[in-house]
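Below you'll find the structure, written out as C-alpha cells, and then a few comments.
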Amino acid sequence: MENPHIKDVTFAGNWLVSTEKMGWGREFDGHRVQLDVLPVSVNFIDFFGMSIKEGRNFMPSDDLNPDGTFIMNEQTMLKYPFLKIGDRLSGHAEAPAEIVGIVRDFNFMPLQYGVDPIALYVFGANPWWPLQVVYAKTDGADIAGTFRYIRDAIEEFDPAINGDDIYLEFLDDTIGSMYQKEEKLNSLIAATAALSLLISLIGIFGMISFKTQFRRKEIALRKVHGASVRSILHMLNRYYLIMTCICFAVSVPVSVLIMKTWVKGFAYQAPVPVWIFAASLAAVLAVTLLTVSLQTWKTANDNPVDSLRAE
C-alpha cells in the first residue's frame, strides 16, 4: 500500500472465481449443511464492491475473534432456511462461529455454473492456514513497475521467497482462461462455417454454370418468342431461391436443436432472437440471387441465333 499506484489490497484462501473451493459439511440443529467456503480478509467484501443484504459486514474486530466469523450468500439462506443471522455454525475452531450477515449473491464460478451456497469466512485470531491469494487494485499506470514492486515487497517480507517465482496476473485474464475450451470451439465453428460457405458458393457457381449451358437452347427459344432478359433472369432465380428457402426451412430446426443441446451445459443462456435467422436467410438469398444473376446474365444477353446454331 506504500506504492502510490496500488489503491487497495485484500486476501483470500483461494481464487475468487474458480471451480474449486473448500467444501465444508456441518451439522446444525439436526440438519446437514453443505457449502463452499472461501476464507477472506475483513475488507474482502468492500474490495470487490459486494453488498450486504442483511446483517453486517466484516469488521476489524473479527480478526481478534478466535472462533471465526461467517457471512453467507443468499443461496445459502434459501437452501437452508433454518439458518438465521446470529446462529452459530461450526467453523475451524472448537467453538462455533457466528453468522453475522448475508451478502448478495455473486458468481464465484464460471458461467457454466449457477450460484450455489457459499460462505465468506474470517479465521480471526487463530487462522487455520494462510490466505495465500493476494488481490491488489492498481491505477493502471506503470504496470511493469508495480509488478516489480509487489515482488520486491514480498521478498522483503519473507526473504525465503523468490519474487520472480510469484504468479501475477490480471483478474480478467484469470477468468478468461476458464473459457479457453469455448473460445477454441468458437474458432472451430467460425472456420467450419466459413469453409462451408465457400464450398456452398463454389457448388452454386458450378451448378448454375452447368444448368445455364444446358438450358442455352431453351433460353434462346424463349427470347425468339419475345421473352425479355428480365423474365429469363426471374425464371432462373425463382428456381434457386425456392431451393434456398427449402434448405433454410430444414436447417433452422436442426441448428436450433444443436444450439440448445450445447447450451444445456451452461447455467446462463443468451436468448436466440428470431432476427438472426431472418438476417441469415436474407444474406443467403442475396448471395444466391447475385450468383445466379451474374452467371445467367451473359447467356440471357447472347444472340439467340448463335445459341440455336451451336445446339
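Quick caveat: nothing in here was measured; it's all calculated off a predicted structure.
In this view, D165 satisfies the salt bridge (charged side-chain N to carboxylate O under 4.0 Å, His left out) rule with no residue, not counting sequence neighbours. For K53, the salt bridge (charged side-chain N to carboxylate O under 4.0 Å, His left out) partners two or more places apart in sequence, or in a different chain, are E74. For R88, there are no side chain to side chain donor-acceptor pair (under 3.5 Å) partners two or more places apart in sequence or in a different chain. Considering only residues two or more places apart in sequence or on other chains, E27 meets the salt bridge (charged side-chain N to carboxylate O under 4.0 Å, His left out) condition with R32. Taking the side-chain contact (heavy atoms from CB on, under 4.5 Å) definition, one finds that L281 meets it with F248, L285, sequence neighbours left out. With sequence neighbours left out, the ring pair (Phe, Tyr, Trp, His ring centres under 6.0 Å) criterion links Y167 to no other residue. In this structure, the side-chain contact (heavy atoms from CB on, under 4.5 Å) partners of K79, at least two apart in sequence or on a different chain, are P117. Checked against salt bridge (charged side-chain N to carboxylate O under 4.0 Å, His left out), D139 has no partners two or more places apart in sequence or in another chain. Take F147 and apply the ring pair (Phe, Tyr, Trp, His ring centres under 6.0 Å) test, not counting sequence neighbours, and it matches F170. By the side-chain contact (heavy atoms from CB on, under 4.5 Å) test, I85 pairs with E54, I102, sequence neighbours left out. Applying the ring pair (Phe, Tyr, Trp, His ring centres under 6.0 Å) criterion to Y135, with sequence neighbours excluded, gives F48. Remark: Y179 pairs with P110, L111, Q112, I175, E182 by the side-chain contact (heavy atoms from CB on, under 4.5 Å) rule, at least two apart or across chains.
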